[in-house]
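Okay, so here's the structure we're looking at.
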Amino acid sequence: MTKTQRDTPGVIAPPPLIYIGFLLAGWVVFRFANPAVVGSELHGWLSLGFGMETQARRIVSLPLIIGGLLLDGAAAGYFRRLGTAVEPWKPSTVLGTDGLYRFSRNPIYLGFAITYVGLAIAMDSVLVLLLLIPCLFVVDRFVIQREERYLSAKFGADYDAYRARVRRWL
């Protein structure tokens with residue numbers, strides 16, 4: 001890394017905001033799509049639920065939400081114990097490759113995705129769940145790939161070896 005380069009990956013936005021943005025966009029469309037504006041057929045599809053009773057959705061969604069948040073907390077805690085930034089807009093000082101990072105290069109983003117699935121089920125919105133696909137595309141292309149270029153430039157062969165042996169997601 002040259003002195004003229006910033007010591008950050010240059011991600012487009014804080015990753016939690018990306019997930020929240022897609023979640024909220026789906027919720028707004030799901031809740032407020034007007035049949036007179038979008039047509040009754042499209043409105044029916046936009047408001048499609050999972051066909052589960054509220055209690056069943058809670059039983060399914062709560063473990064996903066809690067599990068995703070616990071995964072996020074454990075992965076972030078590992079970075080904090082190493083003394084490096086969790087936030088991708090701050091410089092990385094240490095390459096973390098142990099703990100959850102032995103199994104996934106992105107356990108925090110995986111935790112966000114699991115939490116998102118739980119929230120989509122809790123909201124009873126297939127549309128919100130389907131929006132996870134473009135959300136993950138944005139996270140992959142505009143966050144993860146930038147982080148990987150940054151980490152490769154900063155940590156060189158150590159990061160490249162880590163990337164070769166550990167999968168991006170699972």
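Remember, predicted model here, so these are calculated numbers, not experimental data. Quick note: numbers below take in every heavy atom, side chains included, and nothing from hydrogens, waters or symmetry partners.
- You'll find the side chain of F137 stays beyond 4.5 Å of the side chain of I133, heavy atoms only.
- Scanning both residues, R146 and G10, for their nearest heavy atoms gives NH1-O, 2.8 Å.
- Residues V126 and G49 approach most closely at CG2-O, 3.4 Å, considering heavy atoms.
- We find the CD-OH distance between E147 and Y159 to be 8.0 Å, quoted to the nearest 0.5 Å.
- Looking at P88 and Y109, their side chains come closer than 4.5 Å, going by heavy atoms from C-beta outward.
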The test is side-chain contact (heavy atoms from CB on, under 4.5 Å); show your working for R163 and L151 and say whether it passes. CA-CA 10 Å; R163 185 173 54 197; L151 293 170; over 6 Å; no
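- Between atom CG of residue L71 and atom CD1 of residue I108 there is a gap of 8.5 Å, rounded to the nearest 0.5 Å.
- Minimum interatomic distance between D160 and S152 (heavy atoms only, all atoms of both residues): OD1-OG, 2.8 Å.
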Could you check L119 against W27 for side-chain contact (heavy atoms from CB on, under 4.5 Å), going step by step and ending with a plain yes or no? CA-CA 10 Å; L119 291 169; W27 179 80; over 6 Å; no
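- Linking Ile, Leu, Val, Met, Phe, Trp and Tyr whenever their side-chain heavy atoms come within less than 4.5 Å puts L130 and V128 in one cluster.
- The nearest pair of heavy atoms linking T8 to W89 is CG2-O, 3.1 Å.
- Within the 4.5 Å cutoff, no side-chain heavy atoms of T97 are placed close to those of V166.
- Put simply, the side chain of M52 does not reach to within 4.5 Å of the side chain of D124, judged on heavy atoms.
- Counting heavy atoms from C-beta on, the side chains of F50 and L129 come closer than 4.5 Å.
- To the nearest 0.5 angstrom, S61 atom OG is 9.0 Å from I66 atom CD1.
- Note that the CG atom of L64 and the CD1 atom of I59 stand 12.5 Å from one another [nearest 0.5 Å].
- In the hydrophobic cluster analysis, where Ile, Leu, Val, Met, Phe, Trp and Tyr join through side-chain heavy atoms closer than 4.5 angstrom, L100 is grouped together with V94.
- T84 and S92 make their closest contact through OG1-CA, 3.4 Å (heavy atoms, listed as atom of the first residue, atom of the second, distance).
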Pair F142, I18 - check side-chain contact (heavy atoms from CB on, under 4.5 Å), show working. CA-CA 10 Å; F142 301 105; I18 296 170; over 6 Å; no
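- Within the 4.5 Å cutoff, side-chain heavy atoms of Q145 are placed close to those of R168.
- A donor-acceptor pair under 3.5 Å is formed between the side chain of R102 and the backbone N or O of G99.
- Other residues, nucleotides and ligands contribute over 12 non-hydrogen atoms within 6.0 Å of the CZ atom of R165.
- Listed here is the closest heavy atom pair of F30 and M123: CE2-O, 3.5 Å.
- Following chains of ILVMFWY side-chain contacts shorter than 4.5 Å, one cannot reach L132 starting from L17, and the two form parts of different hydrophobic clusters.
- Under the rule for a ring-ring contact (aromatic ring centres under 6.0 Å, His included), the partners of F79 that lie at least two apart in sequence or sit in another chain are Y101.
- You'll find the side chain of W169 reaches within 4.5 Å of the side chain of I144, heavy atoms only.
- A distance-only check finds a donor-acceptor pair linking the side chain of T93 to the backbone of G83 [under 3.5 Å].
- Y78 is connected to L170 through a chain of hydrophobic side-chain contacts under 4.5 Å among Ile, Leu, Val, Met, Phe, Trp and Tyr, so both are in one cluster.
- Note that the CG atom of L24 and the CG atom of L131 stand 11.0 Å from one another [nearest 0.5 Å].
- Connection of I12 to Y19 is established within a shared hydrophobic cluster, with ILVMFWY side chains joined at heavy-atom distances below 4.5 Å, either directly or through further cluster members.
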Verdict with reasoning, L48 to L127, per side-chain contact (heavy atoms from CB on, under 4.5 Å): CA-CA 7 Å; L48 186 62; L127 172 65; over 6 Å; no
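- Between the side chain of Y162 and the backbone N or O of L95 there is no donor-acceptor pair closer than 3.5 Å.
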